[in-house]
J.: 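Sending over a structure as structure tokens; questions will come in a sec.
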Amino acid sequence: MKTIKIKAPATVANLVCGFDVLGMALEHPQDEMELTLLNKPQLIIQHKDKYGLPTTAEKNVAGVALLALMKAYEKPIGFKVVINKIIKPGSGLGSSAASAAGAVVAANKLLKNYFTKNELVQFAMFGEELASGSKHADNIAPCIYGGVCLIRSNHPLDIIPLKTPKLFVTVVHPQIEIKTSEARAILPKEISLKNAVKHWGNVAALVAGISQNNPEIIANSLRDDIIEPVRKKLIPGFDRVKKRSLTVGALGGGISGSGPSIFMFSTTKKIAEKVEKEMIEIYREFNIEAKTYVSKISKQGVSEV
Ligand code: ADP
């Protein structure tokens with residue numbers, strides 16, 4: 001029997017102005033998974049964590065991603081999957097993506113890299129469809145490729161891995177629940193040309209800033225007048241977190257995925273830790289429990305342990 005252990009990173013989708021087209025992998029937190037290759041078409045899913053997620057393959061994001069992979073493989077195969085979820089589901093930190101991406105990358109290693117990374121992203125996107133109703137790759141792509149990824153198009157899938165800027169990321173996850181479906185339902189259906197021009201100027205500049213590892217350009221382009229003003233209403237303390245993070249030296253940041261987590265970029269660990277202190281203090285003021293992380297951008301996606 002062949003068994004493999006992997007870690008799958010949390011991911012921050014959107015990166016403020018890159019709604020549905022940008023995402024990055026973090027060094028912390030990471031899910032842990034163990035996969036065993038079975039020689040019959042069977043899928044067993046077990047959870048070692050406290051989240052009570054479904055273990056029926058069709059209802060678990062790792063399950064549907066693996067079913068897609070098993071269907072595409074040349075021979076009948078199966079897997080036993082043991083998940084230790086560290087990234088809380090519904091955090092906006094790509095918890096569902098970590099399970100789906102982790103499962104297919106581990107399976108592919110057991111199959112001696114039979115599939116390409118691009119095919120693995122497509123299998124894992126079935127997991128995102130199960131979790132949120134849409135097959136998007138802005139968490140899956142960085143979870144598999146690592147670093148920062150631009151998803152120029154989901155259908156057909158076109159992933160452009162970008163350079164990894166030397167930045168620190170502070171994340172706060174206030175322990176409130178936001179349903180991805182709700183966070184999507186409140187979005188405007190149309191935007192004005194004036195706003196669109198401003199917005200694609202920012203996205204283009206952010207991609208340039210990331211590619212050139214230029215903190216000044218990155219700071220200037222982390223702006224969003226379309227999604228953020230609507231979604232921030234779902235996150236208590238959002239404006240205060242942003243304001244006080246900038247005051248202590250952060251470059252900028254915003255909502256991670258559809259929230260409730262908020263991320264901030266900083267050029268040094270010292271500043272990133274000051275930002276973390278502010279975040280902790282703010283949620284103490286709001287009397288809301290919150291979890292924080294200080295991390296680098298992970299150059300690696302899912303990795304073997
Ligand atoms: P996140 O942004 O943290 O991924 P989502 O709301 O997009 O949050 O995804 C979490 C949803 O996916 C939850 O409804 C959860 O029940 C469901 N789910 C099913 N299987 C898994 C899994 N293995 N890991 C995480 N979430 C899962």
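Both ligands and their constituent atoms are indexed starting at 1 by order of listing.
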J.: Of the choices G63, A8, S96, which has the non-hydrogen atom that lies closest to atom 9 (O) of ligand 1?
T.: S96
J.: Which residue and atom name correspond to the protein heavy atom nearest atom 24 (N) of ligand 1, and how close is it?
T.: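 Among all protein heavy atoms, the one nearest atom 24 (N) of ligand 1 is K85 CE, 2.9 Å.
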J.: Looking only at protein heavy atoms, which one is nearest to atom 1 (P) of ligand 1, and what is the separation?
T.: S95 N, 3.6 Å
J.: Once salt bridge (Lys or Arg N to Asp or Glu O under 4.0 Å) is applied, what residue pairs with a partner in residues 216-227 remain, sequence neighbours excluded?
T.: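 Sorted result for residues 216-227: K198-D225.
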J.: Before giving the answer on side-chain contact (heavy atoms from CB on, under 4.5 Å), spell out for F286 and R240 the whole-Å C-alpha distance, their side-chain angles and the decisive distance to 0.1 Å.
T.: CA-CA 11 Å; F286 274 89; R240 227 185 272 188; 3.6 Å; yes
J.: Work out whether the distance between some heavy atom of S132 and some atom of ligand 1 is less than 4.0 Å.
T.: no
J.: Centroid separation under 6.0 Å, is that true for the rings of F265 and F168?
T.: no
J.: Can you tell me the protein heavy atom closest to atom 20 (N) of ligand 1 and the distance?
T.: V61 N, 3.2 Å
J.: Among A65, A10, A62, S91, which residue places a heavy atom closest to atom 3 (O) of ligand 1?
T.: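 The option holding the nearest heavy atom is S91.
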J.: Determine, for E228 against K242, whether the closest basic-nitrogen to carboxylate-oxygen distance falls under 4.0 angstrom.
T.: yes
J.: If the contact criterion is a heavy-atom separation under 4.0 Å, does E128 count as touching ligand 1?
T.: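 Checking ligand 1 against E128, which is what was asked, there is no heavy-atom contact under 4.0 Å.
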J.: Distance to 0.1 Å, residue and atom name: give those for the protein heavy atom nearest to atom 6 (O) of ligand 1.
T.: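 Its nearest protein heavy-atom neighbour is T180 OG1, 3.2 Å.
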J.: At a 4.0 Å cut-off, with the gap strictly under it, does some heavy atom of G257 reach an atom of ligand 1?
T.: no
J.: What pairs with E273 under salt bridge (charged side-chain N to carboxylate O under 4.0 Å, His left out), at least two apart in sequence or on another chain?
T.: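 If we apply the salt bridge (charged side-chain N to carboxylate O under 4.0 Å, His left out) test to E273, skipping adjacent residues, the hits are K269.
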J.: Salt bridge check: are R184 and E182 linked by an N-O gap of less than 4.0 Å?
T.: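 No, this pair does not count.
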